[in-house]
Structures are given as structure tokens and as C-alpha cells.
Amino acid sequence: MKYLLSILFLIISLLSYSETQSQPIHYKFRVYLTDKGDAGYSTDNPSQFLTEKAIERKRVQKVDIDESDFPISNDYFALVEMAGGKVVSHSKWFNTLVVEVADSLKIEEIKSLSFVDSVKYVWKGTNNGYRKALRPRLERSKPETEPADTIYGYTYSQFTLHNADKMFNAGFRGNGIQIGVIDAGYTNFDVIPEFESVKLLGYSNFVPEGDMFASSDHGTKVLSTMAVYQPGVMIGSAPEASYWLLRSEDVASEFPVEEDYWIRAVEFADSLGLDLINTSLGYNEFDDIILNYTHDDLTGEVSLMSRAADMAYDKGMIIVVSAGNEGNKPWQKSTPPGDAKNVIAVGAVGTDSIIAPFSSYGEMADGRIKPDLVSVGRGTITISHFGVIGKTNGTSLSSPFLAGLIASLWSVNPQLHRSELIDIILRSSDRNQSPDPVYGQGITDFSKAMYEVLKTLE
């Protein structure tokens with residue numbers, strides 16, 4: 001019987017390998033348009049393309065609605081597809097379409113369309129990187145060690161590092177703030193009991209291939225640092241905030257097209273009226289080395305994703321990103337979008353306040369220091385896709401934990417302008433007077449910041 005099973009497994013493996021090998025190579029190009037086309041939109045009627053929540057947020061944040069908010073005309077999508085391309089993503093802010101073609105020469109026909117300005121190659125490969133998997137309901141986990149005897153449990157030292165327990169004890173835990181989490185996937189989020197308390201507004205997948213809840217557990221761990229509420233065991237940094245889960249990372253390959261997917265996700269978040277975005281994604285090296293970034297590109301103006309991050313801030317949102325895990329690698333510095341001017345790029349420390357060796361550091365090409373701030377990214381308490389509470393390393397975890405604390409601080413006064421909130425956060429950080437290229441402006445004291453925000457209500 002074992003022999004027969006081995007033969008069957010071998011046959012299945014060979015068939016799978018043969019299928020992979022026979023998949024034709026496809027290409028994706030970013031198509032830059034000369035304009036959006038005429039779809040009849042007007043700034044006098046923004047409810048055609050923005051939710052009421054988005055319109056209200058822009059009013060509070062003093063953001064004008066303009067033509068960059070208009071969607072691209074459906075006629076352009078149709079004409080590109082008639083020319084032989086499949087549109088898999090797009091950006092209304094940058095007037096781009098991402099087009100997939102089976103033959104790279106086909107892009108020349110699309111390039112000749114009157115409304116196309118130029119094209120850029122952003123991906124090649126096969127659409128065969130994901131497999132379906134059975135995901136049974138998981139049981140609640142029980143860690144081997146006992147948590148601290150407080151409401152914060154295992155996360156107690158993470159809160160005390162930031163003096164944030166005082167803010168939480170005062171009742172400010174993110175209520176009324178809407179957060180978008182843009183990541184690689186949220187494996188088993190929907191079957192893990194610890195996530196049952198999450199205020200989920202919705203979810204959306206911007207990658208053509210792969211499942212939101214089966215492609216990657218990276219976002220599962222990221223979300224757990226913010227949204228979980230298990231008193232006495234584990235508390236996220238914004239458990240009363242509301243969440244949209246957005247997927248933009250294709251873990252099957254590494255190409256600039258993932259920046260396009262991310263931009264689509266952040267535009268979607270803007271149109272919904274979300275207040276804050278966390279993304280624990282960053283890019284500097286790709287599967288095709290001719291597409292790699294260099295240190296000279298770290299200006300915030302080269303990566304389209306970095307430009308979109310700054311534009312998202314201009315549209316009224318706070319953008320918190322991981323600085324990168326390149327500190328002990330040749331690259332060393334933050335990775336886009338961490339080089340963007342108006343994002344909060346977050347490095348990693350332990351609960352002992354000492355920088356993690358992997359945390360990206362250094363000046364950008366134009367002399368700016370990144371990271372901006374640091375938070376707990378060494379031994380961060382997370383929940384895995386098995387539903388197990390444990391510790392994880394990475395600026396991918398320091399970024400969301402800090403993002404959640406920022407959301408909780410904002411819930412003290414949700415009408416506060418984002419620039420004033422960020423100014424208070426920076427002024428409440430321990431290296432604000434003497435920032436350096438390793439810690440940035442350091443560790444924020446959220447008790448101090450809370451009292452500063454309370455003053456804005458007087």
C-alpha cells in the first residue's frame with residue numbers, strides 16, 4: 001500500500017511539474033495614458049466616485065477634491081483590451097493601466113493607441129504560483145509560558161515601552177478610526193478564533209492570482225499586532241479601530257507590478273475614506289535585476305509606490321510603513337515606499353529599546369533620515385496562521401504596532417488635522433531634539449502625546 005501511495009504521489013508531482021513547465025510566459029506592462037478620457041465626472045458631484053465618508057474626511061483634513069480623483073474612462077479599458085491586452089490593474093492618480101499580454105510584441109499595438117503615452121515592462125512569468133488548500137476551523141491557542149498578570153498579557157512590555165498603557169487605560173483604543181492594512185495575504189484570518197473580535201469593514205484582493213486568506217500569513221501576523229483583543233493574553237495596539245484588509249503583494253514572484261497593485265489598493269482606501277494605512281511591504285530588488293532600485297533612487301520621487309504614498313498623505317490619510325529589514329544586509333537603507341517624504345517609516349527595537357540589527361537605517365539620497373521612528377519589532381507578539389501566539393521579528397511588525405498606537409491616539413480627537421497629530425507624535429519622541437540615522441526620532445511616549453492631543457480639545 002505504501003508503495004502504491006508513493007507511486008501515486010510521484011505521478012501527481014510529475015504532472016504538477018509538467019503543468020508548470022508547459023505554462024507559457026506572459027508579460028505585464030504599465031501603460032501610461034495621456035489623459036483619463038471623458039467620463040462625465042465633475043468635482044461638483046464627488047459622490048459619483050467617492051463615498052460620503054471619503055468626502056467628509058477630505059473636508060476635515062482640508063483636502064480639495066480634484067481631477068486626480070476622477071476614474072479613468074471605461075472606453076480606454078475597452079480599447080486596450082480590443083488591441084489584445086488584458087487590463088489587470090490601474091491607477092486614477094497616475095493615469096496608468098497595467099496590461100497583461102501573452103506575446104511581448106503585442107504591447108506595440110497597444111502603444112500605438114492615440115491615448116497611450118508610453119509603456120514600461122513590470123512583470124514576466126506564469127500564473128501558476130498558488131494552490132488551493134483546505135483550511136479547517138482552528139482552536140484557540142494556549143501558549144506554553146504564562147503571560148504577565150495584567151490586561152495586556154504577553155504584550156505588556158510592548159505597551160510600557162511607549163508608555164501607551166496610560167492611553168489605553170484612559171479608554172483611547174482606536175474607536176472611530178478606520179485603518180487599511182495592505183499586505184501579502186491573511187492566511188486563516190477567517191478561521192482563527194482570536195480574530196473574532198476584529199471590527200472588519202471588508203476586504204479586497206488587488207492581485208490577479210491567489211487567495212486573500214490562503215496566500216500568505218504575513219498579513220495575519222501584521223494584523224494581529226493591531227486588532228486582537230484577548231484581555232489577559234494579548235492586546236493589539238488599536239483593538240477598537242475598524243479594519244479593511246487589502247492584498248497587493250504577489251508572493252510567487254517579485255516585480256514592480258506589485259507597486260501597481262499597492263497603488264490600486266491605496267486609491268481604493270482613499271475612495272472609502274479610510275483614515276490610516278499600514279503597509280509592511282517594501283521593494284528594492286526584483287526577479288529581473290534590470291528593474292532593481294539603487295541608493296540614488298531613494299528620493300521619494302523615483303518609485304511609483306513612494307510617490308503614491310506621498311499622494312495618499314496629500315489626499316488626507318496617515319501612511320505608516322515598515323522601514324525594511326536591510327540593516328545587516330548590503331543594502332542597509334530603507335526600501336521604497338519607506339523613502340517617501342510624508343510617510344512614517346518605522347524601524348525595529350526590542351522591548352529593551354535597543355535597535356534590532358536587521359532594522360534598516362541611513363540617509364536617503366537627498367539627505368533625509370529614515371527611519372522616522374522605531375517601535376517593537378524584535379520579539380513582537382503575534383498570532384500565526386496556525387492560531388498560535390508567539391514572537392516574530394521584523395519591521396513588518398514594528399510598523400503595524402506603532403500604526404495602531406497612532407490610530408488610538410487619533411481617537412482622542414478624530415477631528416485633529418493629520419499634520420498636527422504627526423507633529424505631536426514626533427515631539428513626544430525621545431530623540432526628537434537629536435535624531436540619528438539608526439533610531440530616527442526614536443520611541444514615542446504616548447502618554448505625553450495623549451495629553452498634547454487632549455489640549456487640542458480645550
Side-chain angles (χ1 to χ4, degrees), residues 30 36 46 49-51 53-55 57-58 61 63 65-72 88-98 122 177-186 201-208 212 218-219 222-223 226 241-250 256-283 300-323 334-346 396 399-400 403 406-407 418 422:
R30 184 183 300 149
K36 293 179 184 290
F49 46 88
L50 296 171
T51 63
K53 171 69 170 62
I55 296 168
R57 190 207 66 213
K58 290 176 187 295
Q61 293 298 314
V63 173
I65 296 170
D66 57 31
E67 291 185 4
S68 67
D69 296 304
F70 294 175
I72 297 168
V88 296
S89 191
H90 61 279
S91 168
K92 63 181 180 180
W93 291 351
F94 296 102
N95 292 352
T96 60
L97 304 178
V98 175
V122 291
I177 304 300
Q178 296 188 4
I179 300 175
V181 184
I182 307 179
D183 217 282
Y186 306 85
L201 295 172
Y203 55 88
S204 192
N205 190 356
F206 297 94
V207 184
M212 281 285 298
H218 191 269
V222 164
L223 181 66
M226 292 185 279
S242 301
Y243 292 87
W244 264 90
L245 308 186
L246 309 171
R247 176 173 177 256
S248 72
E249 162 80 1
D250 181 359
V257 72
E258 291 162 273
E259 296 192 47
D260 295 272
Y261 301 151
W262 188 89
I263 292 165
R264 183 76 191 95
V266 82
E267 289 180 1
F268 179 74
D270 172 61
S271 69
L272 291 172
L274 305 192
D275 304 295
L276 185 149
I277 295 290
N278 178 83
T279 192
S280 293
L281 304 171
Y283 303 96
E301 300 290 341
V302 176
S303 159
L304 198 66
M305 188 177 179
S306 297
R307 291 169 58 195
D310 276 338
M311 195 161 183
Y313 173 83
D314 291 340
K315 294 291 185 183
M317 294 180 284
I318 290 178
I319 312 299
V320 184
V321 307
S322 54
S334 287
T335 52
D339 65 322
K341 295 178 176 64
N342 291 316
V343 302
I344 299 175
V346 187
S396 288
S399 171
I406 290 170
R418 64 198 182 286
I422 291 172

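This structure is a prediction, so every number in the text was calculated from the model and none was measured. Only heavy atoms go into these numbers, but all of them, side chains included; no hydrogens, no water, no symmetry mates.
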Handout entry: Short side-chain to backbone donor-acceptor contact, Arg247 and Ala184, under 3.5 Å
Key = yes

Exercise for the section: Locate the shortest heavy-atom distance separating Leu245 from Met212; write the atom from each residue and the value. Expected result: O-CE, 3.6 Å

Problem - Heavy-atom closest contact (Pro71 atom, Lys92 atom, distance) - result: CA-CB, 4.2 Å

Problem - Least distance between heavy atoms, Met317 atom then Asp270 atom - result: CE-CB, 3.5 Å

Exercise for the section: Assert yes or no for the condition that the ring centre distance of Phe268 to Trp244 is strictly below 6.0 Å. Expected result: yes

Problem - Side-chain donor-acceptor contact under 3.5 Å, Ser306 with Glu301 - result: no

Handout entry: Closest contact, heavy atoms only, Ala312 versus Val266
Key = CB-CG2, 3.9 Å

Handout entry: Residues Asp66 and Lys315 bridged, charged N to O under 4.0 Å
Key = yes

Handout entry: CG on Leu201 to OG on Ser242, rounded to 0.5 Å
Key = 4.5 Å

Problem - Distance (rounded to the nearest 0.5 Å) between Asn278 CG and Ser322 OG - result: 7.5 Å

Practice task
Would you name the heavy atoms of Asp314 and Arg418 that are closest together and state the gap between them?
Solution key: O-NH2, 3.6 Å

Exercise for the section: Can you measure from CD1 (Ile179) to CD1 (Ile277) and round to the nearest 0.5 angstrom? Expected result: 9.5 Å

Practice task
With the side chain counted from C-beta on, respond yes when Tyr283 and Thr335 share a heavy-atom pair under 4.5 Å apart, and no when they do not.
Solution key: no

Practice task
Ignoring hydrogens and angles, state whether a donor on the side chain of His218 or Ser280 is under 3.5 Å from an acceptor on the partner side chain.
Solution key: no

Exercise for the section: Supply the atom-to-atom distance Ile318 CD1 to Tyr313 OH, rounded to the nearest 0.5 angstrom. Expected result: 7.5 Å

Exercise for the section: Would you check if there is a donor-acceptor pair between the side chains of Glu258 and Ser248 at a distance under 3.5 Å? Expected result: no

Exercise for the section: Would you give the length of the straight line joining atom OG1 of Thr279 to atom CD1 of Ile319, rounded to the nearest 0.5 angstrom? Expected result: 9.0 Å

Practice task
Taking all non-hydrogen atoms of both residues into account, name the closest pair between Asp339 and Pro336 and its distance.
Solution key: OD1-CA, 3.4 Å

Exercise for the section: Decide if atom OH of Tyr203 counts as having more than 12 heavy atoms of other residues, nucleotides or ligands within a radius under 6.0 Å. Expected result: no

Problem - Flag, side chain of Arg57 to backbone of Leu274, donor-acceptor distance under 3.5 Å - result: yes

